[in-house]
S.K.: 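First the structure, then my questions, so here it is.
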Amino acid sequence: MFTTIISLIAAFGGGVFGASIGALPAFIMTGVVATVGGILSCAGIPGINELLVNNVAFGSFLGPHICFAGGVAASAYAKRIGKTENGADIALALNGIGDSTTLVVGGIFGMAGYIIAALVSAIFSLTPFYTDNPGCTVLISAIIVRLAFGERGLLSAPENRRLTSTGPALSNTLLIGFAYSLVVSGIYVCLASQGYADQLGSYHIVIFGLAAVGLIFAEFGQPYFGWHHIGIISAEAVMCGYACGLGGWSLIIGILFGMLAAIIGDIEGNMMNTNVDSHIDPPATAITICTFLISILYVILS
């Protein structure tokens, strides 16, 4: 109980941190720690997964449900009070606007993220299924933010709202979904078939972290394709398939789920995150849904 209370209080600081440096830079830092922690865990260092991954990358400091979500909330609030022009700008470091109440909002939503994640975990503990708690919390928190601070409604502006992208945008999404899932799943199957499956328990964390670190290119203004939802879902799916005895056929499972994540992200981006005044994260939506579907697959196959 003592640790829980301290972690909840600390989440306020994590939310302020995310708001002050910006939600996207905060998430990139999450990726750095997740990558390092995941690699060291795969290397067999005892306790490193609990220390770096669970308590830092996905804890009260850099957990996306706390740090990133706090930055998202603060950005929307700053737009609502007229301090910024774009409430969906998650790359902006809000320390620069000089408004302490905006940072406090980030802290409050950091604490809210900690509580929501605990509730999600408690609910799914009553079932044989699971979802990605940080991703689910990021989604729930962002919807609350949109309803609390947004002025344009929950969905994308009508003129931009569509089910999926069209033309080159859609073909690029489908190709990237296939190709990235292919390489993520293919590498896992190759390594696992050589006897390394036991050392790859944190493979999905490494892939997620690398994809998140890559968002630094987006921060620099490059047209980087955010693919952490594709990466972690294809990794989790292929790991699930292999653990359930599908062997090389796990490759197909990984590709199908990775492409599904790409499509869901595209749909959410078009339906809820285009020409809006707050950010509802497409990758978090895809991760939440697809992780739940993978849990169903695991129950069926195991």
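The basis for the numbers below is simple: all heavy atoms, side chains too, and nothing from hydrogens, waters or symmetry mates.
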S.K.: With under 30° as parallel and over 60° as perpendicular, where do the rings of Phe129 and Phe292 fit, or are they tilted in between?
M.R.: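 Ring orientation of Phe129 relative to Phe292: perpendicular.
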S.K.: Relative to the ring of Phe208, is the ring of Phe58 parallel (under 30°), tilted (30 to 60°) or perpendicular (over 60°)?
M.R.: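 Answer is tilted, since the angle falls between 30° and 60°.
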S.K.: State whether the side chain of Ser121 and the backbone N or O of Ala117 hold a donor-acceptor pair below 3.5 Å, judged by distance alone.
M.R.: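 Side chain of Ser121 to backbone of Ala117: no pair is present.
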S.K.: Compute the ring centroids of Tyr130 and Phe124, then answer whether they are less than 6.0 Å apart.
M.R.: no
S.K.: Specify the closest pair of heavy atoms between Val120 and Thr131, including all atoms of both residues, with the distance to one decimal.
M.R.: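 It is CG1-CG2, 4.0 Å.
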S.K.: Between the side chain of Thr35 and the main-chain N/O of Leu210, is any donor-acceptor distance below 3.5 Å?
M.R.: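 Indeed, once roles are kept as given, a pair shorter than 3.5 Å links the two residues.
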S.K.: Given Ile280 and Glu268, is the side-chain contact (heavy atoms from CB on, under 4.5 Å) satisfied, shown in steps?
M.R.: CA-CA 8 Å; Ile280 299 181; Glu268 196 275 357; 3.0 Å; yes
S.K.: Taking the side chain as everything from C-beta on, heavy atoms only, tell me whether Thr30 gets closer than 4.5 Å to Phe68.
M.R.: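 In short, these two side chains do not touch, never coming nearer than 4.5 Å.
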S.K.: Which is it for Val72 and Arg146 under the side-chain contact (heavy atoms from CB on, under 4.5 Å) test, yes or no, and what are the steps along the way?
M.R.: CA-CA 10 Å; Val72 167; Arg146 176 75 58 83; over 6 Å; no
S.K.: Is there side-chain contact between Thr173 and Phe225, with at least one heavy-atom pair below 4.5 Å?
M.R.: yes
S.K.: Sub-3.5 Å donor-acceptor pair from the side chain of Ser20 to the main-chain atoms of Phe17, do we have one?
M.R.: yes
S.K.: How far does CG of Leu293 sit from CD1 of Ile289, to the nearest 0.5 angstrom?
M.R.: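 If we round to the nearest 0.5 Å, Leu293:CG and Ile289:CD1 are 7.5 Å apart.
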S.K.: Any luck finding a side-chain donor-acceptor pair between Asn270 and Ser165 under 3.5 Å?
M.R.: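 Yes - a donor-acceptor pair under 3.5 Å links their side chains.
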S.K.: How long is the straight-line distance from CD1 of Ile287 back to OG1 of Thr291, given to the nearest 0.5 Å?
M.R.: 6.5 Å
S.K.: Tell me which pairs pass salt bridge (Lys or Arg N to Asp or Glu O under 4.0 Å) where either residue lies in residues 215-226, with sequence neighbours left out.
M.R.: none
S.K.: State, yes or no, whether a side-chain contact exists between Trp227 and Val184 at a heavy-atom distance under 4.5 Å.
M.R.: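 Trp227 reaches Val184 side chain to side chain.
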S.K.: Do Leu40 and Val32 sit in the same hydrophobic cluster, where Ile, Leu, Val, Met, Phe, Trp and Tyr count as joined when their side-chain heavy atoms come under 4.5 Å apart?
M.R.: no
S.K.: Counting only heavy atoms not in Glu85, do more than 12 sit closer than 6.0 Å to its CD atom?
M.R.: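 Atom CD in Glu85 is not packed in, count stays at 12 or less.
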S.K.: Checking the side chain of Thr127 only, and the main-chain atoms of Ile123 only, is there a donor and an acceptor separated by less than 3.5 Å?
M.R.: no
S.K.: Under the rule for side chain to side chain contact (heavy atoms under 4.5 Å, CB included), what residues qualify as partners of Phe217, not counting sequence neighbours?
M.R.: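 Expected list: Gln222, Tyr224.
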S.K.: For Ile21 and Pro25, work out which heavy atoms get closest and say how close.
M.R.: O-CG, 3.2 Å
S.K.: Working to the nearest 0.5 Å, report the span between CG of Leu246 and SG of Cys240.
M.R.: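 That separation rounds to 8.0 Å.
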S.K.: Could you walk me through whether Arg161 and Thr274 pass the side-chain contact (heavy atoms from CB on, under 4.5 Å) test, one step at a time?
M.R.: CA-CA 7 Å; Arg161 196 183 308 159; Thr274 303; over 6 Å; no
S.K.: Evaluate the side-chain proximity of Leu92 to Thr84: yes if any heavy-atom separation is below 4.5 Å, no if none is.
M.R.: yes
S.K.: Are Val16 and Phe61 linked, directly or through intermediate hydrophobic residues, by side-chain heavy-atom contacts shorter than 4.5 Å (ILVMFWY only)?
M.R.: no
S.K.: Tell me whether Leu260 shares a hydrophobic cluster with Leu175, the cluster being built from Ile, Leu, Val, Met, Phe, Trp, Tyr side chains joined at under 4.5 Å.
M.R.: no
S.K.: Look only at the side chain of Ser156 and the backbone of Met271, and say whether a donor-acceptor pair between them is shorter than 3.5 Å.
M.R.: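 Yes; judged by distance alone, with no hydrogens or angles, the pair exists.
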S.K.: So, does Ser75 use its side chain to make a donor-acceptor pair with the main chain of Gly71 at under 3.5 Å?
M.R.: no
S.K.: Hey, what do you get for OG1 (Thr164) to CD1 (Ile264), rounding to the nearest 0.5 Å?
M.R.: 13.0 Å
S.K.: Given 3.5 Å as the limit, does a donor-acceptor pair link the side chain of Ser234 with the main chain of Gly231, or not?
M.R.: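 At least one qualifying donor-acceptor pair exists.
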S.K.: What is the minimum heavy-atom distance between Ser185 and Leu251, and which atoms define it?
M.R.: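 Where Ser185 meets Leu251 most closely, the heavy atoms are CB-CD1, 3.6 Å.
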S.K.: Under the side-chain contact (heavy atoms from CB on, under 4.5 Å) criterion, do Ile232 and Ile207 qualify, and how do the steps go?
M.R.: CA-CA 6 Å; Ile232 191 171; Ile207 296 300; 5.8 Å; no
S.K.: How about Tyr298: does its OH atom have over 12 heavy atoms from other parts shown lying under 6.0 Å from it?
M.R.: no
S.K.: So does Gly38 get a backbone contact from the side chain of Ser41, meaning a donor-acceptor N/O pair under 3.5 Å?
M.R.: no
S.K.: In the single-linkage hydrophobic clustering (I, L, V, M, F, W, Y; side-chain heavy atoms under 4.5 Å), do Ile176 and Met259 co-cluster?
M.R.: yes
S.K.: Does any pair with a residue in residues 92-107 pass side chain to side chain donor-acceptor pair (under 3.5 Å), and if so which ones, sequence neighbours excluded?
M.R.: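 Counting only pairs at least two positions apart or across chains, the side chain to side chain donor-acceptor pair (under 3.5 Å) contacts touching residues 92-107 are Asp99-Thr101, Asp99-Thr102.
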S.K.: Measure the NE2-OH distance between His229 and Tyr180 for me, rounded to the nearest 0.5 Å.
M.R.: 10.5 Å
S.K.: State the SG-CD1 distance between Cys290 and Ile263, to the nearest 0.5 angstrom.
M.R.: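 Rounded to the nearest 0.5 Å, the SG-CD1 separation comes to 9.5 Å.
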S.K.: Say whether Ile81 and Ile108 are linked into one hydrophobic cluster, either directly or through other cluster members, by side-chain heavy-atom distances under 4.5 angstrom.
M.R.: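 Per the 4.5 Å side-chain linkage, Ile81 and Ile108 are not co-clustered.
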S.K.: Hey, is the main chain of Ser7 close enough, under 3.5 Å, to the side chain of Ser60 for a donor-acceptor pair?
M.R.: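 Yes, the answer is positive, given that a donor and an acceptor are paired below the 3.5 Å cut-off.
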S.K.: Could you tell me whether the side chain of Phe27 reaches within less than 4.5 Å of the side chain of Ile90, counting heavy atoms only?
M.R.: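 No, their side chains stay 4.5 Å or more apart.
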S.K.: Return the minimal non-hydrogen interatomic distance between Leu215 and Gly226, and the atom names on each side.
M.R.: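 Reported closest heavy-atom pair: CD2-CA, 4.2 Å.
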S.K.: Could you tell me whether the side chain of Lys79 reaches within less than 4.5 Å of the side chain of Asn86, counting heavy atoms only?
M.R.: no
S.K.: Taking the side chain from Asn55 and the backbone from Glu50, do they hold a donor-acceptor pair closer than 3.5 Å?
M.R.: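 Yes; judged by distance alone, with no hydrogens or angles, the pair exists.
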S.K.: Identify the two heavy atoms, one from Gly265 and one from Ala286, that lie closest to each other, and give their separation to 0.1 Å.
M.R.: N-CB, 4.0 Å
S.K.: Please name the residue in the list Thr137, Thr4, Ile9, Leu119 that meets the side chain to side chain contact (heavy atoms under 4.5 Å, CB included) test with Tyr114.
M.R.: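 The residue from Thr137, Thr4, Ile9, Leu119 that satisfies side chain to side chain contact (heavy atoms under 4.5 Å, CB included) with Tyr114 turns out to be Thr4.
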S.K.: Can you see which heavy atom on Ala262 is nearest to which on Gly177, and at what distance?
M.R.: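 Answer, listing the atom of Ala262 first, then Gly177: CB-CA, 3.9 Å.
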